[in-house]
Trainee: 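Attaching a single structure in structure tokens format; questions to follow.
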Amino acid sequence: FGPEEGSEEAEETARRAPGAKPSDYYDIMRGNLDDCFRIGLTVTRKQLKLYADFYTADIIVCSPLGLRLITGVDGEKGGDTDFLSSLEVVIVDQADVLLMQNVEHLWHLFSLFHGTPKKVRDTEFSRVRAWCLAGQGDVVRQTIMLSQFGAVELNEIVNRLCHNYA
């Protein structure tokens, strides 16, 4: 038996092996490899609250798979998408790595952004912006997609599902 997979000893052995992987592989694949993460952050004047409910969160940090598990699969009941109705900035970092996974998750999530909420939650209606009420959320949203290289799949998502007003 060799060293346990994921351990530092196994990584060092792989580096020394003939035909070792390039350095960017080790940069991407080191540390926690969980591709199903999601966390809400609430920012106040004096503190940053972790693990906030998505409806009260100012920032949502998640993977496409983690968010897809919350929103559910097409036709599945019980999926929660109301918190995606008022996004102002969407940042997709390392989109080239997401191409190695399932790009369909990105397509699904981008199509859910700025939908009409199904339930009225603890909403303070005086803070709802006029462009949200007018259904212009997808035009006002800023989308930043970062990748090491251009890909047809990523260009299609931007061209079809990102209608930024210029």
Side-chain angles (χ1 to χ4, degrees), residues 5-6 10-11 14-15 17-43 50-119 129 131-166:
E5 187 175 321
E11 289 180 13
R15 282 192 192 125
K21 301 194 178 356
S23 62
D24 64 336
Y25 173 85
Y26 296 107
D27 291 338
I28 292 171
M29 297 299 184
R30 73 170 180 241
N32 186 355
L33 298 178
D34 185 15
D35 61 350
C36 183
F37 62 91
R38 52 201 178 266
I39 185 171
L41 307 170
T42 300
V43 180
L50 300 175
Y51 302 105
D53 181 43
F54 286 164
Y55 290 98
T56 60
D58 296 314
I59 301 169
I60 298 173
V61 179
C62 61
S63 67
L65 178 60
L67 202 53
R68 179 77 187 256
L69 291 176
I70 293 172
T71 60
V73 183
D74 294 333
E76 182 181 30
K77 292 187 177 185
D80 192 10
T81 61
D82 289 351
F83 63 92
L84 298 174
S85 64
S86 61
L87 298 176
E88 293 184 28
V89 178
V90 174
I91 300 173
V92 180
D93 192 14
Q94 294 185 344
D96 52 314
V97 175
L98 298 177
L99 289 173
M100 293 184 259
Q101 299 173 357
N102 192 347
V103 180
E104 181 65 31
H105 295 317
L106 277 181
W107 273 97
H108 178 73
L109 294 173
F110 270 81
S111 67
L112 293 176
F113 294 164
H114 303 292
T116 305
K118 296 175 184 136
K119 295 180 183 176
R129 293 184 169 86
W131 49 265
C132 279
L133 296 175
Q136 298 295 313
D138 59 339
V139 178
V140 177
R141 179 189 75 232
Q142 296 179 12
T143 305
I144 301 169
M145 193 167 299
L146 305 170
S147 176
Q148 289 185 7
F149 54 85
V152 175
E153 297 89 348
L154 301 176
N155 288 341
E156 276 300 304
I157 291 173
V158 170
N159 291 337
R160 292 191 183 200
L161 301 174
C162 300
H163 309 287
N164 298 60
Y165 179 75

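Worth knowing before you read on, the calculation uses all heavy atoms, side chains too, and leaves out hydrogens, waters and symmetry mates. Small disclaimer: the values here were computed from a predicted structure and weren't measured.
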Trainee: Tell me, please, which residues at least two apart from Arg160 pass salt bridge (charged side-chain N to carboxylate O under 4.0 Å, His left out).
Mentor: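 For Arg160 the salt bridge (charged side-chain N to carboxylate O under 4.0 Å, His left out) partners, ignoring immediate neighbours, are Glu156.
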Trainee: Measuring from Asn155:CG to Cys162:SG, what's the distance to the nearest 0.5 Å?
Mentor: 11.0 Å
Trainee: Which pairs with one or both residues in residues 52-61 pass side chain to side chain donor-acceptor pair (under 3.5 Å), sequence neighbours excluded?
Mentor: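 Found Tyr55-Asp80, Tyr55-Arg121.
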Trainee: Quick one: pull up CG in Leu112 and CG in Leu84 and give me the separation to the nearest 0.5 Å.
Mentor: 6.5 Å
Trainee: Quick one: list whatever passes side-chain hydrogen bond (donor to acceptor under 3.5 Å, both in side chains) with Thr81, sequence neighbours left out.
Mentor: none
Trainee: Apply the test side chain to side chain contact (heavy atoms under 4.5 Å, CB included) to residues Asn102 and Leu65: give CA-CA distance (whole Å), side-chain angles for both, the deciding distance (0.1 Å), then the verdict.
Mentor: CA-CA 8 Å; Asn102 192 347; Leu65 178 60; over 6 Å; no
Trainee: Report the distance from atom OG1 of Thr71 to atom CG of Leu69, rounding to the nearest 0.5 Å.
Mentor: 8.0 Å
Trainee: Taking only distance into account, with no hydrogens and no angle test, what donor-acceptor pairs under 3.5 Å do side-chain atoms of residues 85-100 form with protein atoms, sequence neighbours excluded?
Mentor:
unit_1 : atom_1 : unit_2 : atom_2 : d
Ser85  : OG     : Asp82  : O      : 2.8
Glu88  : OE2    : Arg129 : NH1    : 2.8

Trainee: Nearest heavy-atom pair of Arg141 and Leu161: which atoms, and what distance?
Mentor: NH2-O, 3.1 Å
Trainee: How many angstroms lie between NE2 in His163 and CD in Gln136, if you round to the nearest 0.5 Å?
Mentor: 11.0 Å
Trainee: Report the distance from atom CG of Leu67 to atom CD1 of Ile60, rounding to the nearest 0.5 Å.
Mentor: 7.0 Å
Trainee: Which residues satisfy the ring-ring contact (aromatic ring centres under 6.0 Å, His included) test with Phe54, sequence neighbours excluded?
Mentor: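 Phe54 satisfies ring-ring contact (aromatic ring centres under 6.0 Å, His included) with Phe83 once adjacent residues are dropped.
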Trainee: Which atoms form the tightest heavy-atom contact between Arg38 and Gly66, and what is the distance?
Mentor: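 Scanning both residues completely, I find the closest heavy atoms to be CD-O, 3.4 Å.
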Trainee: Is the number of heavy atoms from other residues, nucleotides or ligands within 6.0 Å of OH (Tyr51) greater than 12?
Mentor: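 No.
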Trainee: Applying side-chain hydrogen bond (donor to acceptor under 3.5 Å, both in side chains), can you list everything that pairs with His105, at least two apart in sequence or on another chain?
Mentor: Arg68
